[in-house]
Structure formats: structure tokens, C-alpha cells
Amino acid sequence: MTQRVLILATDGFEQSELTGPRDRLQDAGYEVIVASPKSGQIKGWDKTDWGDKVDVDLTLDEVSANDYGAIVLPGGQMNPDSLRLEDKAIDLIRQFDKAGKPVAAICHAPWLLIEAGLVDGKKVTSWPSVRSDLKNAGGNVVDQEVVVDGNIITSRKPDDIPAFSQAVIKALQEATAPARA
């Protein structure tokens, strides 16, 4: 059975930060499901203007952390700022963390980790304008393309998508690897 990965996003997600990890995960054999508070389609932001629309597979009300191996949170300034006001989104992120499943956030998406209370004591990174927020939430903030601390995976920007995606894939592989005696 193919392992499933959930991408949680809404209008204003950074185009490349949704499509890049999605495509890399699909190429690695994972089934990727896009969930949003609303059904239909969500519109990306592509650097300086609106980007492409992406189909929403399921609404936030229809998803459970139990059905997925990991959650990926794309950035863009508008997307995580809107999602952090959605109690169901924050509860879902907490469910993934509580289950020890990978929670991966890039660019501005670590705002969602702050809202979910997952940053205190963690080594993390993000877009530069989010770093003070991460520090204020108790994070050990570094400037690296990808940071893995337990099940929390963070990256800074679109240029980091290859390393970010590879870290998510590695975490999924490690989660499904048979235990060694």
C-alpha cells in the first residue's frame, strides 16, 4: 500500500513550496493529498503575483492524521497567516506531532508550528522575517537549508526545496523501515 502524505494549504501558498515537494514526493512513490479549509481549488502565489490554482482533494474537516505518514506545510506569507487562525488546522498539526509523524514546514509555515506549540526547545529555521517569532517561541534558530529536530523538519525558502523534500522522504522511509535487532 502506498504511503500517503498530506499537504495543508489555502489561498496564497507559495507556488513552488507546494508543487516542488508534492512533485518530489510523488516521484518517490508517495500518494500526496492536498487539504484546505475550503473545497474546490486554492490559488498559489508565484513570487510577485498570483500563480496557478491547485485542486483540493479533501477539506480540513475530512482529514485525520491517522491516515497519513507526514504533513507538509508550504509557506508564502498569506497561506500560514490564514491557516494559523483555523483551529482545525492547528489541531491537525498537533495530532501529527503527538503521533510522532513528520511535520515539515518551509519559509513562513513555521508560524503554524509556533501556533501549535511545537517550537519550544527545538532547533528550527525559516524565512528571515519569521526567525524572531521562532526565537520568542523558544526555538533554537539557525540559518541552514534544512533542519531536522526529531519529527520537526524546517527549511528557509524555495531554493531549499530539494533538501527539504529529501528530508521529508528520508523521515518517511525511516518511519516505515523495519526495526533492527
Side-chain angles (χ1 to χ4, degrees), residues 5-22 32-63 65 68 70-97 102-120 122-147 149 151-161 164-165 168:
V5 177
L6 186 68
I7 295 179
L8 177 60
T10 194
D11 289 320
F13 63 87
E14 181 65 40
Q15 191 80 39
S16 63
E17 294 172 0
L18 187 151
T19 60
R22 178 198 65 195
V32 180
I33 304 298
V34 175
S36 181
K38 68 176 199 167
S39 62
Q41 294 183 317
I42 51 176
K43 190 186 296 188
W45 185 261
D46 194 3
K47 299 178 187 85
T48 60
D49 201 355
W50 289 107
D52 298 330
K53 292 181 179 180
V54 171
D55 291 333
V56 172
D57 299 304
L58 297 170
T59 64
L60 197 48
D61 292 332
E62 298 173 305
V63 296
Y68 302 91
I71 188 169
V72 174
L73 306 167
Q77 190 173 5
M78 291 175 268
N79 173 58
D81 196 40
S82 293
L83 286 175
R84 66 184 173 166
L85 299 175
E86 295 278 346
D87 290 341
K88 288 182 181 180
I90 300 307
D91 289 342
L92 182 66
I93 293 165
R94 287 180 181 137
Q95 289 171 25
F96 274 89
D97 181 64
V103 177
I106 187 168
C107 194
H108 287 76
W111 271 337
L112 294 165
L113 304 181
I114 293 168
E115 196 66 33
L118 306 183
V119 172
D120 192 24
K122 294 285 186 178
K123 183 178 174 185
V124 290
T125 195
S126 69
W127 185 254
S129 65
V130 178
R131 293 180 187 159
S132 291
D133 296 335
L134 288 168
K135 286 178 188 170
N136 291 337
N140 173 16
V141 182
V142 297
D143 184 9
Q144 293 173 217
E145 68 179 352
V146 66
V147 175
D149 188 340
N151 64 312
I152 304 296
I153 301 167
T154 52
S155 279
R156 305 169 300 185
K157 58 188 173 184
D159 290 345
D160 300 339
I161 290 169
F164 177 70
S165 301
V168 175

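What you see is a predicted model; the values in this text were computed from it and never measured. Along the sequence shown, residues carry numbers from 1.
- When all heavy atoms of Ile42 and Asp11 are compared, the closest pair comes out as CA-OD1, 3.3 Å.
- Counting only residues at least two apart or on different chains, the side-chain hydrogen bond (donor to acceptor under 3.5 Å, both in side chains) pairs with a member in residues 110-119 are Trp111-Asp133.
- For Thr125 (side chain) and Val142 (main-chain N/O), a donor-acceptor pair under 3.5 Å exists by modelled atom type.
- Atom-to-atom distance recorded for Asn140:CG and Lys135:NZ is 9.5 Å, nearest 0.5 angstrom.
- Contact between Leu58 and Tyr68 at its shortest, heavy atoms only, is CD1-OH, 3.3 Å.
- Scanning all heavy atoms of the two residues, the minimum distance from Ala9 to Leu18 falls at CB-CD1, 3.8 Å.
- Between His108 and Asn79 the shortest side-chain heavy-atom distance does not fall below 4.5 Å.
- For the pair Arg156 and Asp143, the minimum side-chain heavy-atom distance is below 4.5 Å.
- The structure places CD1 of Ile153 at 12.0 Å from CD1 of Ile71, a figure rounded to the nearest 0.5 Å.
- Considering CZ of Arg22 and OG of Ser165, their distance stands at 11.5 Å, rounded to 0.5 Å.
- The two residues Asp55 and Gln41 make their nearest non-hydrogen contact at OD1-NE2, 2.9 Å.
- Between Ile161 and Ser16, some side-chain heavy-atom pair lies under the 4.5 Å cut-off.
- Taken from CG in Leu83 to CG in Leu112, the straight-line distance is 5.5 Å, to the nearest 0.5 Å.
- Around atom CD of Gln77, no more than 12 heavy atoms belonging to other residues, nucleotides or ligands sit under 6.0 Å away.
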>> Quick one, Arg94 with Asp91, criterion salt bridge (Lys or Arg N to Asp or Glu O under 4.0 Å). Give me CA distance, side-chain angles, the key distance, then yes/no.
In response: CA-CA 5 Å; Arg94 287 180 181 137; Asp91 289 342; 3.4 Å; yes
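- The distance from the OG1 atom of Thr154 to the CG atom of Leu73 is 11.0 Å, given to the nearest 0.5 Å.
- Counting heavy atoms from C-beta outward, Glu86 and Leu92 have side chains that stay 4.5 Å or more apart.
- Checked against salt bridge (Lys or Arg N to Asp or Glu O under 4.0 Å), Lys88 has the following partners two or more places apart in sequence or in another chain: Asp61.
- Contact annotation: the side chain of Gln15 never approaches that of Pro158 to less than 4.5 Å [non-hydrogen atoms, C-beta and beyond].
- Applying the side-chain contact (heavy atoms from CB on, under 4.5 Å) test between Glu17 and each of Val72, Asp160, Ile7, Ile106 identifies Ile106 as the sole match.
- Annotation for Pro74 and Leu8: closest pair CD-O, 3.3 Å, computed over non-hydrogen atoms.
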>> side chain to side chain contact (heavy atoms under 4.5 Å, CB included) for Trp50 and Trp45? Distances and angles first, verdict last.
In response: CA-CA 4 Å; Trp50 289 107; Trp45 185 261; 3.7 Å; yes
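- Taking each heavy atom of Thr10 and Ser82 in turn, the nearest pair found is CG2-CB, 3.9 Å.
- Rounding to the nearest 0.5 Å places CG of Asp120 at 11.0 Å from CD1 of Ile114.
- Residues passing the side chain to side chain contact (heavy atoms under 4.5 Å, CB included) test with Lys122 are Val124, Asp149, Asn151, Ile152, sequence neighbours excluded.
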